[in-house]
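Worksheet: one structure, shown below.
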Amino acid sequence: MDLHRRSLPALAFISAAVLALGACGPAAPTPTTSIVATAGPTASLPSSSPGSLGSPTPNPATVYAEIEAQVQQIRELTAKTPVAPKLLDDATLKANVAASFEKDNPPKIVAANERTYQLLGLIPDGTSLKELYLKLLGSQVAGYYDSDTKELYVVLRSGGLGPTERVTFAHEFDHALQDQNFGLDKLQLDAIGESDRSLARLSVAEGDATLLMSLWAGQNLTPAELVQMLQSAADPAQTAILAEMPDILKDSLLFPYTAGQALVASIQATGGWAAVDKLYADPPASTEQVIHPDKFAAHEPPIKVDFPKDLATRLGSGWSVDLLDSMGEFGLETWLKSAGKVPQATASAAAEGWGGDRFALVSNGNRSGIVVDTRWDSPADAAQFAAAAQTTLDAVGGHRALIAIDGSNRVTVFIATDDATISALASVLGLAG
């Protein structure tokens with residue numbers, strides 16, 4: 001359900017990375033991002049610039065070196081090559097984000113994702129997905145690491161090297177350590193048609209960096225600096241932009257940080273950092289495994305769901321398949337609560353029995369439709385999802401259908417511009433009549 005994964009680190013790495021510092025630290029988010037293929041002019045920070053609390057700071061190079069040593073000690077990883085951070089001002093950040101989006105997202109991919117969100121009722125018709133993304137990214141990013149160029153960027157918004165900039169550097173430097181020791185490209189975050197798997201794997205890298213950042217902040221920031229960071233994270237303009245974003249965008253951005261941190265923290269608590277290191281060779285296969293660590297421990301695989309390779313041909317002349325992907329437990333839960341206004345607890349319970357899914361977006365001129373074919377752990381789980389999905393379809397309105405066979409673990413959802421498209425899709429999948 002996401003844009004091409006080569007750009008998704010510019011999207012999915014942006015989030016509010018909650019600092020798990022307990023009573024001594026803030027519970028509010030610190031936005032960060034990582035692995036974005038961008039470059040551009042950098043802002044400068046004088047070595048005598050004011051510190052976070054009004055006192056002179058050491059030379060930035062000295063501060064960075066200290067943080068690097070502290071992060072390596074906490075994370076129990078050694079840097080193999082130096083990483084020189086670059087500072088970005090707000091204008092350059094926004095220019096970089098726009099350039100990266102244009103580079104990595106062909107108009108057809110953007111249009112297909114936009115139409116998918118619209119049909120599912122996740123964004124209103126006429127909404128520009130590109131404009132939403134650029135607005136969100138330009139307001140929320142605090143820093144990023146580029147795994148292609150091996151460069152690390154920190155956005156300078158406080159006027160100095162304050163606690164937000166330092167904690168962001170700690171987070172992003174951990175990404176550099178991950179890349180140097182394990183190879184972030186091996187996670188295959190840009191695999192086309194594997195959004196749920198990619199989001200799950202992304203949760204390893206972000207959960208790792210968020211846990212590390214939390215530990216670093218708890219050990220190296222003063223109570224006053226933690227308060228200052230909390231105040232910075234609560235910037236009214238940034239908070240307002242985040243609040244107005246559709247759930248599917250902001251929740252997708254939050255997930256790798258919050259759910260990822262919970263998974264990584266549970267593994268680190270029992271097996272230490274060595275157990276976390278093993279995640280890069282054996283990452284979770286689905287968001288289900290991130291949400292439910294017991295399912296990851298059991299290596300419960302997703303049920304494979306496929307469409308006919310000649311789906312467009314079977315539909316008839318003029319039809320095309322514009323997008324094939326998977327929603328996963330996370331995506332389906334978000335759809336139920338966002339498009340269907342299903343209560344959070346009900347949506348979570350309805351998605352919990354997820355076994356696997358695949359969706360296809362098809363079009364023929366002005367006609368278009370989406371079919372979401374799902375499998376569940378049991379017929380009872382399928383029935384629970386079907387009930388919540390029907391509520392959601394009723395809320396979305398328009399031309400829609402749901403097919404659930406009693407005693408089966410299969411539920412198939414259809415949404416289209418017309419009933420004939422739904423009938424054609426159902427017939428091709430052997431669900432007509």
request  = Quick one: sort the F182 and Y280 rings into parallel, tilted or perpendicular, breaks at 30° and 60°.
outcome  =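 Taking Y280 first and then F182, their aromatic rings lie parallel (interplane angle under 30°).
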
query = Using 30° and 60° as the class limits, which term best fits the ring planes of H175 and H171: parallel, tilted or perpendicular?
reply =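 H175 vs H171 ring planes: perpendicular.
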
request  = Examine the side chains of T412 and D373 and answer whether a donor and an acceptor come within less than 3.5 Å of each other.
outcome  =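 Indeed, the side chains of T412 and D373 share at least one donor-acceptor pair under 3.5 Å.
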
query = Cut-off 3.5 Å, side chains only: do T78 and Q72 have a donor facing an acceptor?
reply =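 No.
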
Can you tell me if [atom1] on [X] sees more than 12 non-hydrogen neighbours from other groups inside 6.0 Å?
X	atom1	value
E131	CD	no
D310	CG	yes
Q73	CD	no
D282	CG	yes

key: Carboxylate-amine/guanidinium contact R375 D357, below 4.0 Å   =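 So R375 does not pair with D357 through a salt bridge.
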
ask   = Using 4.0 Å as the upper bound for N to carboxylate O, is an ion pair formed by R115 and D322?
value =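 No, D322 and R115 are not salt-bridged.
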
message = Set out, in order, the CA-CA distance, both residues' side-chain angles and the distance that settles side chain to side chain donor-acceptor pair (under 3.5 Å) for Y144 and E172, then state yes or no.
response = CA-CA 6 Å; Y144 58 88; E172 303 307 334; over 6 Å; no

task = Could you tell me whether the side chain of F255 reaches within less than 4.5 Å of the side chain of D251, counting heavy atoms only?
result = no

task = Would you please test H292 and E329 for side chain to side chain donor-acceptor pair (under 3.5 Å) and show each step?
result = CA-CA 10 Å; H292 308 286; E329 179 176 340; 2.9 Å; yes

